[in-house]
Every structure is written in C-alpha cells, then in structure tokens.
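The structure displayed is predicted, hence computed values, not measured ones.
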Amino acid sequence: MVKLDIHTLAHHLKQERLYVNSEKQLIQRLNADVLKTAEKLYRTAWIAKQQRINLDRLIITSAEASPAECCQHAKILEDTQFVDGYKQLGFQETAYGEFLSRLRENPRLIASSLVAGEKLNQENTQSVIYTVFTSLYGNCIMQEDESYLLQVLRYLIEFELKESDNPRRLLRRGTCAFSILFKLFSEGLFSAKLFLTATLHEPIMQLLVEDEDHLETDPNKLIERFSPYQQEKLFGEKGSDRFRQKVQEMVESNEAKLVALVNKFIGYLKQNTYCFPHSLRWIVSQMYKTLSCVDRLEVGEVRAMCTDLLLACFICPAVVNPEQYGIISDAPINEVARFNLMQVGRLLQQLAMTGSEEGDPRTKSSLGKFDKSCVAAFLDVVIGGRAVETPPMSSVNLLEGLSRTVVYITYSQLITLVNFMKSVMSGDQLREDRMALDNLLANLPQAKPGKSSSLEMTPYNTPQLSPATTPANKKNRLPIATRSRSRTNMLMDLHMDHEGSSQETIQEVQPEEVLVISLGTGPQLTPGMMSENE
C-alpha cells in the first residue's frame with residue numbers, strides 16, 4: 001500500500017514538473033515576443049521622431065531646407081538600418097555604452113552642459129539637444145526616460161531661465177534648450193495627445209463646418225480684404241458716415257462670432273481639465289515655484305511665462321495646426337478656417353493675460369465680452385497645488401517591467417555629442433558639474449571611435465544628403481545588400497566612368513545606419529522565472 005502511494009506521488013510530481021517546465025517555456029516565449037515588439041516600437045519611434053524633426057525643419061526653416069532636400073531625407077529615413085554598435089565601434093563600444101549610461105542617469109549634468117554650450121555659442125548645441133531626447137532618453141517612451149527628462153527640464157529652468165536677464169523673451173524666442181526640449185516632449189507625450197484631442201476636436205470641427213468669412217476685428221484690415229468694387233457694394237461710398245457705420249457693424253458681427261467660438265473652446269478646456277497631463281502640470285508648477293523666488297521678477301511676469309508655456313508652446317499651436325497634432329485627419333482646412341483658428345488662439349492667449357498689465361489694445365472690445373477669469377482660472381488649476389520635487393509617474397505605463405538596455409544613436413550623433421561635451425569641458429562656463437563631466441570623459445578612448453581610422457564607404461562619413469548632387473535616375477537603385485559587395489561590382493552595376501563620382505553617389509543613396517549601443521546594464525529578471533525559494 002505504501003509502495004503504491006509513493007508511486008502515485010512520484011507520478012504526480014513528474015506531471016507537475018512537466019507542467020511547470022511547459023509553463024516556463026511558454027512564459028519565456030511570451031517574454032521574447034514582448035522584447036521583440038518593444039524593440040520594434042523603439043526603432044519605429046526613433047524613425048518617426050526623425051521624420052517629425054525633418055518636417056519641422058521644412059516648415060520652420062524652409063529657407064535653409066528645400067522641399068526636395070527634405071523629401072530626399074524622408075526617403076532615406078524610411079530605409080534606416082539598425083546595426084550592432086560593435087560592428088562600427090569594436091571593443092570601444094563598452095566604453096561608449098558606459099559613457100551614455102552614466103550621462104543619461106545624470107540629468108543635472110546634461111542640463112548644465114547644454115546651458116554652458118549655449119553660452120559658449122557652440123554651433124551644434126541644437127543637434128545635441130535632439131540627440132539627448134531621441135537617443136539618450138529614447139523619445140520618452142519608457143517611464144524612467146520620462147522621469148529623467150522631466151528632471152532635465154527642471155534643472156534647465158533653474159540654470160537657464162532663472163539666470164537669464166529676460167527669461168520671458170528667451171522662452172518666447174523658442175530657440176533655448178528648455179523650449180526645444182519642452183516642445184519635443186509635449187509633442188510625443190501620449191497623455192498630451194489625449195488631452196488635446198479631447199479638448200480641441202469638437203470645437204475645431206464646429207469651426208470648420210461654420211466657416212464662411214474671415215473673422216477680422218481690425219477695421220483697416222477688414223477693408224483691405226475687399227476690392228474697391230466690393231467695398232462700395234458692401235459699405236457704400238468710401239469715407240462717408242454710412243461706410244464707417246457698415247464697417248463697424250461687420251466688425252461687431254465678427255467679434256460676436258469670435259466670442260461664441262472662443263467660448264466653445266473655453267468650455268471644452270474647462271471640461272477636460274481633469275485629463276491635463278500630470279507631467280506637464282509638474283513642469284509648469286516647477287517653473288512658477290522657481291521663478292517666483294527671483295526678486296527681479298514680478299508675480300504677473302512669472303504668470304505670463306507660465307501662460308506662454310501652456311498656451312503659446314502647447315495648446316495654441318495645436319489650435320492653429322490641428323492636423324499636425326492628429327486632432328483632425330480627414331477634414332481639409334482652407335485659408336479662411338486657418339485665419340479664424342489663429343484668431344481663436346490669439347484671443348485665448350489674451351484672455352489668459354487678463355489681470356496683468358499686458359494686453360493687446362486692439363482686442364480690448366472683444367475681451368470685454370468674456371468672463372474675466374475664464375482662462376486664468378485654468379492656469380491657476382495647472383500651477384496650483386503642492387509642487388513636489390520628484391516628477392510624477394505616468395498613470396498609464398504600458399511597458400511596465402521593461403527597462404532601457406540600449407541606446408539608438410548614429411555614428412555622427414555620437415561623435416557630435418562627445419565633441420560637444422569636450423568643448424564644454426574646455427570652456428569656462430561649467431562650474432559645479434565640471435568634476436562629474438571630467439570623470440565621464442576620462443573613461444573615453446582618446447582616439448576617434450571605430451575599428452579602423454581609414455576612410456570607409458559607410459554612411460558615417462557622408463555629408464548631409466543633398467538632392468543637388470544626387471542624380472534622380474540613380475536615387476533608389478542601390479539595394480541594401482550592395483554594402484557587402486566590392487567596389488568593382490558596384491562600378492559595373494552603376495555603369496560609372498569615374499571611380500570617385502561613383503563612390504560619392506553610393507555614399508549618398510545608402511540609408512543611414514543607426515548604432516545599437518548596449519548600456520552595460522545587468523541581466524534583467526524575466527517575469528515568471530523566479531525560483532520557489534525566491
């Protein structure tokens with residue numbers, strides 16, 4: 001009887017062991033799938049952000065970047081290749097991985113270095129700012145990256161805005177490190193997209209449906225929109241009392257329509273205050289708390305800066321260009337609707353400034369028809385409350401259990417970042433954080449990173465793509481596989497007469513390669529793999 005019981009127990013234990021092993025294998029496969037999907041997400045996010053930067057470059061600085069050049073660059077980004085950092089850096093990858101890891105975990109050093117670079121007028125400061133966001137902090141997809149970047153922004157408020165003689169002008173210019181990083185962060189923040197869509201979609205769609213005429217409130221500009229024949233037909237003889245009366249009536253009619261429109265926007269703004277992103281609220285409250293302690297700044301001026309950050313840098317750009325922020329996707333916006341959206345954005349900013357000494361005298365008649373504290377109350381909600389020191393944790397963490405183990409960065413970005421840090425170190429603007437930066441740079445190899453110092457036919461040595469030097473008929477003919485082929489075969493395929501020109505063409509049409517550099521972090525514990533004792 002005892003022997004039978006032992007046999008039954010052994011059978012059950014064997015079945016249980018098989019079951020546990022089967023479940024472990026399933027968990028391992030699921031975790032492998034999660035890691036693969038996360039890797040695809042990181043890479044897609046890197047390409048998407050580069051595409052967005054390329055688009056902004058075309059829109060904002062179209063004089064420096066032609067449409068053809070930006071289209072060429074967009075095509076190259078679609079074919080981006082991600083390669084192991086060891087293939088280009090060799091054994092030096094470990095040193096650079098440790099450098100990036102320690103730099104990433106030191107938000108104060110990053111902020112002080114960026115400010116020092118701006119004071120030294122380093123021409124590549126802006127590209128380093130983009131590298132910090134897209135590579136060091138991986139576009140803030142993960143919660144730990146978001147927390148680090150929020151700390152960088154807080155230190156930038158202290159080191160850059162607080163120390164500036166005219167912080168509001170610096171903020172409005174939009175070219176300082178804080179402004180650029182805030183824009184990059186708010187554009188990609190998922191909770192910010194939810195808030196903007198919930199707040200702006202309905203009123204913008206109503207504006208597009210009802211749009212008929214330019215809602216111009218300046219009498220002189222209103223008259224200029226009509227030809228002499230239309231002016232006489234609408235208002236009568238120019239210079240007469242009837243002419244002035246009719247113009248004033250149209251101005252008042254436009255003001256009434258604008259008031260109704262803006263009230264809709266304000267209503268939805270109040271209605272969706274509950275879903276305003278906690279991380280953005282933390283940044284604005286930190287700005288208010290830090291700058292309020294500066295003796296030379298009045299409270300009204302600090303509120304004006306918070307208003308600029310909240311409306312001019314976050315809400316109003318989405319009002320004026322809703323299609324870029326994904327608020328509307330299928331409704332076309334004509335020139336009349338765009339003008340009216342700009343009028344709404346301008347009035348929202350003016351309403352937020354109600355109570356301060358600033359204000360556009362041309363809109364005073366319109367502002368008198370609103371509740372004086374309608375938008376200012378929204379600002380009070382955002383900057384109010386207890387300003388805690390630690391950044392808030394995202395309420396929706398879809399990547400819980402994952403931590404960043406690699407950095408995606410191109411070879412040229414890595415070189416630029418290292419050279420920037422060395423330039424800051426050699427300057428005299430860095431004070432308290434000089435020792436920390438010195439320790440970081442001391443562990444880097446003195447020679448230029450790479451397996452070989454000789455010139456290779458890789459995209460790392462290529463200049464910025466320029467359609468002016470790229471033959472249109474050769475642009476997309478070179479497949480990715482040709483990287484491993486000999487120069488002779490390439491010359492035969494391309495039918496080139498001159499070796500130099502063929503090499504230049506090959507370099508220009510190759511997709512840009514992004515290095516995947518390990519941060520040197522320890523092995524992660526796979527969920528479900530703990531022993532029974534643990």
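The closest side-chain donor-acceptor pair between Arg346 and Gln349, if any, does not fall under 3.5 angstrom. Side chain to side chain, Asn124 and Thr416 fail the donor-acceptor criterion of an N or O pair below 3.5 Å.
In this structure, Arg404 is positioned above the aromatic face of Tyr42, its NZ or CZ under 6.0 Å from the six-membered ring centre and within 45° of the axis.
Inter-residue side-chain proximity for Asn443 and Phe99 is flagged as unmet; no heavy-atom pair is nearer than 4.5 Å. Under the 4.5 Å side-chain criterion, counting only non-hydrogen atoms from C-beta, Leu519 is not in contact with Thr405. Annotation: side chain of Phe185 is not in contact with side chain of Ile180 (no heavy-atom distance under 4.5 Å).
The aromatic ring centres of Phe159 and Tyr155 sit less than 6.0 Å apart.
The residues Glu432 and Arg108 are annotated as salt-bridged, a charged nitrogen and a carboxylate oxygen being separated by less than 4.0 angstrom. Classification of Glu163 and Lys119 as a salt-bridged pair fails, no side-chain N sitting under 4.0 Å from a carboxylate O. Using a cutoff of 4.0 Å between basic side-chain nitrogens and carboxylate oxygens, Glu69 and Arg57 are scored as salt-bridged. The residues Lys183 and Asp56 are annotated as salt-bridged, a charged nitrogen and a carboxylate oxygen being separated by less than 4.0 angstrom. A salt bridge is defined here as a Lys NZ or Arg NE, NH1 or NH2 lying under 4.0 Å from an Asp or Glu carboxylate O, and Glu158 with Arg154 fails to meet this definition.
A donor-acceptor pair under 3.5 Å is formed between the side chain of Gln51 and the backbone N or O of Ala74. Using modelled atom types, no side-chain atom of Thr197 and backbone atom of Leu194 make a donor-acceptor pair closer than 3.5 Å. Judged by distance alone, with hydrogens and angles left aside, the side-chain atoms of Ser112 form a donor-acceptor pair with the main-chain N or O of Leu109 at under 3.5 Å. Remark: the backbone N or O of Ala177 is paired with a side-chain donor or acceptor of Glu118 at under 3.5 angstrom. Ser179 contributes no side-chain N or O that, together with a main-chain N or O of Thr175, makes up a donor-acceptor pair within less than 3.5 Å. Thr290 places no side-chain N or O within 3.5 Å of a backbone atom of Met287 that could act as its donor or acceptor partner. Using a distance-only test at 3.5 Å, with no hydrogens or angles considered, no donor-acceptor pair links the side chain of Tyr408 to the main chain of Gly138.
The line from CD of Glu301 to CG of Leu291 is 9.0 Å long, rounded to the nearest 0.5 Å. Between the OH atom in Tyr86 and the OG atom in Ser518 there is a gap of 13.5 Å [rounded to 0.5 Å].
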One pair to check against side chain to side chain contact (heavy atoms under 4.5 Å, CB included): Leu280 and Leu310. What are the steps and the verdict? CA-CA 9 Å; Leu280 297 186; Leu310 195 58; over 6 Å; no

I'd like to know whether Met425 forms a side chain to side chain contact (heavy atoms under 4.5 Å, CB included) with Asp438, so could you lay out the CA-CA distance, the side-chain angles of the two residues, the decisive distance to 0.1 Å, and finally the verdict. CA-CA 7 Å; Met425 187 65 198; Asp438 189 30; 3.4 Å; yes

How far apart are the C-alpha atoms of Val83 and Val516, what are their side-chain angles, what is the distance that settles it, and do they pass the side chain to side chain contact (heavy atoms under 4.5 Å, CB included) test? CA-CA 6 Å; Val83 299; Val516 182; over 6 Å; no

Determine, stepwise, if the pair Leu417 / Leu103 fulfils side chain to side chain contact (heavy atoms under 4.5 Å, CB included). CA-CA 11 Å; Leu417 177 63; Leu103 183 63; 4.2 Å; yes

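Of the residues Arg172, Arg303, Arg169, the one that meets the salt bridge (Lys or Arg N to Asp or Glu O under 4.0 Å) test with Asp308 is Arg172. Screening Thr94, Asp84, Val406, Leu100 against Ile517 for a side chain to side chain contact (heavy atoms under 4.5 Å, CB included) leaves a single residue, Leu100.
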Without placing hydrogens or testing angles, list every side-chain donor-acceptor pair under 3.5 Å for residues 318-326, not counting sequence neighbours.
unit_1	atom_1	unit_2	atom_2	d
Asn321	OD1	Arg338	NH1	3.3
Glu323	OE1	Arg338	NH1	3.3
Glu323	OE2	Arg338	NH1	3.3
Glu323	OE2	Arg338	NH2	2.6

